[in-house]
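Predicted model only: the values in this text are computed from it and were never measured.
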Amino acid sequence: QVQLVESGGGSVQAGGSLRLSCVASGYTYCMGWFRQAPGQEREGLAYISRDGRTIYTDSVKGRFTISQDNAKNTGYLQMNSLKPEDTAIYYCAAYVSGFGGCARGLAAFRYWGRGTQVAVSS
(Lines give C-alpha, C1' and ligand atoms only; values in the text may rest on other atoms or scores of the structure.)
Protein backbone atom coordinates (compact mmCIF):
# COMPACT_ATOMS: atom_id res chain seq x y z
CA GLN A 1 0.00 0.00 0.00
CA VAL A 2 1.36 3.39 -1.02
CA GLN A 3 -0.02 6.63 0.33
CA LEU A 4 0.24 9.83 -1.67
CA VAL A 5 -0.09 13.34 -0.31
CA GLU A 6 -0.31 16.36 -2.58
CA SER A 7 0.48 19.94 -1.66
CA GLY A 8 1.09 23.27 -3.33
CA GLY A 9 -2.32 24.16 -4.68
CA GLY A 10 -3.79 27.61 -4.29
CA SER A 11 -5.23 30.62 -6.06
CA VAL A 12 -3.33 32.55 -8.69
CA GLN A 13 -4.05 35.00 -11.46
CA ALA A 14 -3.88 34.04 -15.09
CA GLY A 15 -0.29 33.89 -16.27
CA GLY A 16 0.96 32.89 -12.85
CA SER A 17 2.72 29.76 -11.69
CA LEU A 18 2.30 27.07 -9.07
CA ARG A 19 4.37 24.05 -8.11
CA LEU A 20 2.57 20.97 -6.87
CA SER A 21 4.31 18.30 -4.84
CA CYS A 22 3.36 14.69 -4.20
CA VAL A 23 5.05 12.70 -1.46
CA ALA A 24 4.76 8.93 -1.69
CA SER A 25 5.10 6.70 1.36
CA GLY A 26 7.18 4.20 -0.60
CA TYR A 27 8.60 3.18 -3.94
CA THR A 28 6.60 3.94 -7.05
CA TYR A 29 7.46 3.05 -10.64
CA CYS A 30 5.26 5.62 -12.30
CA MET A 31 3.75 8.80 -10.98
CA GLY A 32 1.13 10.80 -12.80
CA TRP A 33 -0.76 14.05 -12.36
CA PHE A 34 -4.44 14.28 -13.16
CA ARG A 35 -7.07 16.96 -12.74
CA GLN A 36 -10.82 17.16 -12.51
CA ALA A 37 -12.86 20.30 -13.03
CA PRO A 38 -16.47 20.53 -11.85
CA GLY A 39 -18.78 18.56 -14.09
CA GLN A 40 -15.92 17.12 -16.11
CA GLU A 41 -14.13 13.80 -16.22
CA ARG A 42 -10.77 13.34 -14.59
CA GLU A 43 -8.02 13.78 -17.17
CA GLY A 44 -4.37 12.79 -17.20
CA LEU A 45 -1.86 15.60 -17.60
CA ALA A 46 1.66 14.29 -17.20
CA TYR A 47 3.45 11.10 -16.25
CA ILE A 48 6.98 10.22 -15.18
CA SER A 49 8.58 6.82 -14.76
CA ARG A 50 11.25 5.94 -12.25
CA ASP A 51 13.91 6.22 -14.94
CA GLY A 52 12.73 9.70 -15.88
CA ARG A 53 10.72 9.09 -19.03
CA THR A 54 7.98 11.70 -19.31
CA ILE A 55 4.70 11.99 -21.17
CA TYR A 56 2.51 15.09 -21.46
CA THR A 57 -0.99 15.62 -22.69
CA ASP A 58 -1.29 18.24 -25.41
CA SER A 59 -3.26 20.66 -23.23
CA VAL A 60 -0.31 21.22 -20.89
CA LYS A 61 2.70 20.52 -23.10
CA GLY A 62 5.07 23.46 -22.97
CA ARG A 63 3.45 24.95 -19.86
CA PHE A 64 3.68 22.18 -17.25
CA THR A 65 6.78 20.22 -16.29
CA ILE A 66 6.76 16.97 -14.34
CA SER A 67 9.81 15.96 -12.33
CA GLN A 68 10.77 13.80 -9.39
CA ASP A 69 13.27 13.24 -6.63
CA ASN A 70 13.58 9.47 -6.33
CA ALA A 71 15.57 9.69 -3.11
CA LYS A 72 12.64 11.48 -1.50
CA ASN A 73 9.88 9.51 -3.29
CA THR A 74 8.49 12.88 -4.29
CA GLY A 75 7.06 14.09 -7.55
CA TYR A 76 6.47 17.62 -8.74
CA LEU A 77 4.34 19.41 -11.27
CA GLN A 78 5.57 22.87 -12.19
CA MET A 79 2.72 24.80 -13.77
CA ASN A 80 3.48 27.99 -15.66
CA SER A 81 1.36 30.34 -17.76
CA LEU A 82 -1.74 29.23 -15.92
CA LYS A 83 -5.13 29.86 -17.49
CA PRO A 84 -8.60 30.05 -15.95
CA GLU A 85 -9.41 26.75 -17.65
CA ASP A 86 -6.68 25.11 -15.56
CA THR A 87 -8.91 25.54 -12.52
CA ALA A 88 -9.55 22.09 -11.06
CA ILE A 89 -8.67 19.68 -8.31
CA TYR A 90 -5.27 18.20 -9.09
CA TYR A 91 -4.50 14.62 -8.13
CA CYS A 92 -1.30 12.69 -7.88
CA ALA A 93 -1.46 8.97 -8.69
CA ALA A 94 1.04 6.15 -8.89
CA TYR A 95 1.65 2.47 -9.45
CA VAL A 96 4.58 0.32 -8.39
CA SER A 97 5.14 -2.34 -11.05
CA GLY A 98 6.11 -1.46 -14.58
CA PHE A 99 8.81 -1.09 -17.19
CA GLY A 100 9.46 0.78 -20.38
CA GLY A 101 7.83 4.01 -19.28
CA CYS A 102 4.45 4.93 -17.86
CA ALA A 103 1.12 3.66 -19.05
CA ARG A 104 -1.44 6.38 -19.60
CA GLY A 105 -4.95 6.61 -18.29
CA LEU A 106 -6.69 6.38 -14.97
CA ALA A 107 -7.06 2.59 -14.97
CA ALA A 108 -3.31 2.04 -14.82
CA PHE A 109 -2.93 3.89 -11.53
CA ARG A 110 -3.65 2.01 -8.34
CA TYR A 111 -2.82 4.62 -5.73
CA TRP A 112 -4.33 8.09 -5.52
CA GLY A 113 -3.90 11.16 -3.38
CA ARG A 114 -6.82 13.21 -2.10
CA GLY A 115 -6.14 16.12 -4.39
CA THR A 116 -5.25 19.77 -4.08
CA GLN A 117 -7.32 22.66 -5.39
CA VAL A 118 -5.96 25.02 -8.03
CA ALA A 119 -7.94 28.14 -8.89
CA VAL A 120 -6.86 30.51 -11.66
CA SER A 121 -8.62 33.84 -11.97
CA SER A 122 -8.72 36.04 -15.07
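Other residues, nucleotides and ligands contribute only 12 or fewer heavy atoms inside 6.0 Å of the CD atom of Q3.
Side-chain atoms of S81 never come within 3.5 Å of backbone atoms of R63 as a donor-acceptor pair (strictly under, hydrogens ignored). The backbone N or O of V118 sits nowhere less than 3.5 Å from a side-chain atom of D86 that would complete a donor-acceptor pair. Under the 3.5 Å distance criterion, the side-chain polar atoms of T116 are matched with a main-chain donor or acceptor of G9. Between the side chain of Q13 and the backbone N or O of S121 there is no donor-acceptor pair closer than 3.5 Å.
The residues K61 and D58 are annotated as salt-bridged, a charged nitrogen and a carboxylate oxygen being separated by less than 4.0 angstrom. The existence of a salt bridge linking R35 and E43 is confirmed by a sub-4.0 Å separation between a basic side-chain nitrogen and an acidic carboxylate oxygen.
One finds the OG atom of S17 at 6.0 Å from the CG atom of L82 (value rounded to the nearest 0.5 Å). Atom-to-atom distance recorded for Y47:OH and I55:CD1 is 7.5 Å, nearest 0.5 angstrom. Note that OH of Y27 is 9.5 Å distant from CG of N73, once rounded to the nearest 0.5 Å.
In the hydrophobic clustering of this structure, Y76 does not group with V60; members are Ile, Leu, Val, Met, Phe, Trp, Tyr whose side-chain heavy atoms approach within less than 4.5 Å, directly or through other members. Cluster annotation: V23 and I48 are assigned to distinct hydrophobic clusters (Ile/Leu/Val/Met/Phe/Trp/Tyr, side-chain heavy-atom contacts under 4.5 Å, transitive). Linking Ile, Leu, Val, Met, Phe, Trp and Tyr residues whenever their side-chain heavy atoms come within less than 4.5 Å leaves Y111 and V5 in two separate clusters.
The aromatic rings of F34 and F109 sit perpendicular, their planes meeting at an angle over 60°, well past the 30° parallel limit. Between Y90 and F64, the angle of the ring planes lies from 30° to 60°, which puts this pair in the tilted group.
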